[in-house]
Student: 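There's a structure below that I have some questions on.
Whatever order the structure lists ligands and atoms in, that order sets their numbers, starting from 1. In this chain, numbering begins with 1 at the start of the sequence shown.
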Amino acid sequence: MSEAETAEIKIPKGREYQFPTDPDHLWDGLNDIGLGIRWVAEVKKADMQVELSGPKWEYKSYTILEVIEEPGIVRDGVMTLIGPDIHEVEPGSSFPSAWDIRVYGKGITQRHREYIERQMSMSLHGVEGYMAFGSFQAPWMRFSKSIVGRLTFPKLCQIVYAFIKTVIPQVEAMDFRWIIGSEEVGGMKLIEPLYKLGIQRLKAQELATTLEDSDVDVFYGCTICKSLAPNHVCVITPSQIPYCGILSYNGAQVTIELDPEGYIFRMPKGECKNELMGSYTGVDEAVYERSNRQIKHVNIFSAIKYPTTNCGCFEGAAFYIPEVDGIGLAVRRYIGVTPLGIKFSRLAGTISGGSQNHGNKGVSVRSMQSKTFLKGDGGWTRVVWMPADLKKEVAEYIPEEIYDKIATEQDAIDPKDLKEFLKKKNHPIVEKYWKNGEPVPLKVPPPGGEWPD
Ligand code: SF4
Ligand SMILES: [Zn+2]
């Protein structure tokens, strides 16, 4: 973010570092840190030196990558660290954080932002002693005690810098500012206003796409998460943003332009079999091939019937609640119990892995803006429950007449109470889906199973 934008917020001065910018020396000084897929590991709480963001801070932290289209603003290879470094904190510390990254390059425009973000996530995948969960913008990071004295926040930025400069030579300049929100620098009091600004900023940056699924002949597919979920394939259409939340149709297009041999592939959509459910012959063929011939059919607009598969990195999930024949929504940061009687973490564990889990679909917060969100299941008229803060976050996308009729954890969690709530509020589900004022639960087939005709 520019200084003018954050003028109201007093940000302490930090320490500045300059990375080598000569292409032959980008990786200098990094050879004492393990890099690569074999270093991907979990950092348990007991083993962590420091944790940034995550549930403890209600995810009020961010990583924002900005494309600056004007030359001369981004200071190449410069990193400013505000707050303590990894080795300067007590083992087991946890702080909120605000990480701003800016890039400049001739010909690099907002269109390329998602692609660069993606590469940045890749560069961090497999840094020794580093673990990250959650989406790019709302991360949760841990650093292991085992790398204290070797890995530092500037070095982590240098890894990103060197990687991006190597894989996207069009990037001419890249700089970093990382605020580690310890008490001394202002803690949450400093981070929260920055976070609010950052979120606004991101929304403004999102390219307004006017494309509809019917305007294009080709969708895109992504199989990056195959390493964790071998049969998993994501389908990306103008209206469907995958649930990792970082790639849109535009982002997929740019990725293929810059990296034609990569994980993103073209998916000619073929014939539309069912407009409401989002069922296409070309999609089914591609998914079948890429899922090791495990998934025969997907409805891209449904969480209930033949949903797309879930790897594990979804920001949130839509889940069928049989007792009320409705759909609940939850995101990772909601730590309470859902109407299924389990917490999100357990739900996520059971539905990830890449099989077709009827009744469950990973979703991103961004995908809730889409006109086709759960269209095949009835869209927002079928949604009966969601955490209060998520409801607030996506309020502008929920049809006004339904908003007050969707329960939150403050209204009901137990399905019995939820049913009463929906009746009392006269939620449209009562009229549209229930029979004589009573829900008729669907018999959901087991994962990988088939629905009766
Ligand atoms: S969730 Fe889907 S779109 Fe996102 S990285 Fe994984 S496979 Fe690709
Ligand atoms: Zn994934």
Student: May I ask you to list the atoms of ligand 1 that are less than 4.0 angstrom from any heavy atom of Arg118?
Tutor: 5 (S)
Student: Using the salt bridge (Lys or Arg N to Asp or Glu O under 4.0 Å) rule, take Lys296 and Glu285 through it: C-alpha gap first, then chi angles, then the decisive distance, then the call.
Tutor: CA-CA 8 Å; Lys296 291 200 190 94; Glu285 280 160 27; over 6 Å; no
Student: In plain terms, say whether Asp377 and Arg382 are close enough for a salt bridge, that is, a side-chain N and a carboxylate O under 4.0 Å apart.
Tutor: no
Student: Going by the side-chain hydrogen bond (donor to acceptor under 3.5 Å, both in side chains) test, name the single residue among Thr281, Asn299, Asp284 that passes it with Lys273.
Tutor: Asp284
Student: Using a cut-off of strictly less than 2.8 Å, determine whether Cys311 has an N/O/S atom near atom 6 (Fe) of ligand 1.
Tutor: no
Student: Does at least one non-hydrogen atom of His232 fall below 4.0 angstrom from an atom of ligand 1?
Tutor: yes
Student: Check Pro242 against ligand 1 and report side chain, backbone, both or neither, counting heavy atoms closer than 4.0 Å.
Tutor: side chain
Student: Using a 4.0 Å cut-off to any heavy atom of Tyr243, which atoms of ligand 1 qualify?
Tutor: 1 (S)
Student: Check whether any N, O or S atom of Cys234 sits under 2.8 Å from atom 2 (Fe) of ligand 1.
Tutor: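 Cys234 does place an N, O or S atom closer than 2.8 Å to atom 2 (Fe) of ligand 1.
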Student: Could you list the atoms of ligand 1 found under 4.0 angstrom from a heavy atom of Cys313?
Tutor: 1 (S)
Student: Quick check with a 6.0 Å cut-off and a 45 degree axis cone: is Arg290 positioned over the face of Phe265's six-membered ring?
Tutor: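 Judged by the rule, Arg290 and Phe265 form a cation-pi pair.
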Student: If you take the nearest heavy atom of each of Cys244, Gly354, Cys222, which one is closest to atom 7 (S) of ligand 1?
Tutor: Cys222
Student: Can you spot which of Glu393, Glu114, Glu315 makes a salt bridge (charged side-chain N to carboxylate O under 4.0 Å, His left out) with Arg366?
Tutor: Glu114
Student: Within 45° of the axis and under 6.0 Å from the centre of the six-membered ring of Tyr243, does NZ or CZ of Lys361 qualify?
Tutor: no
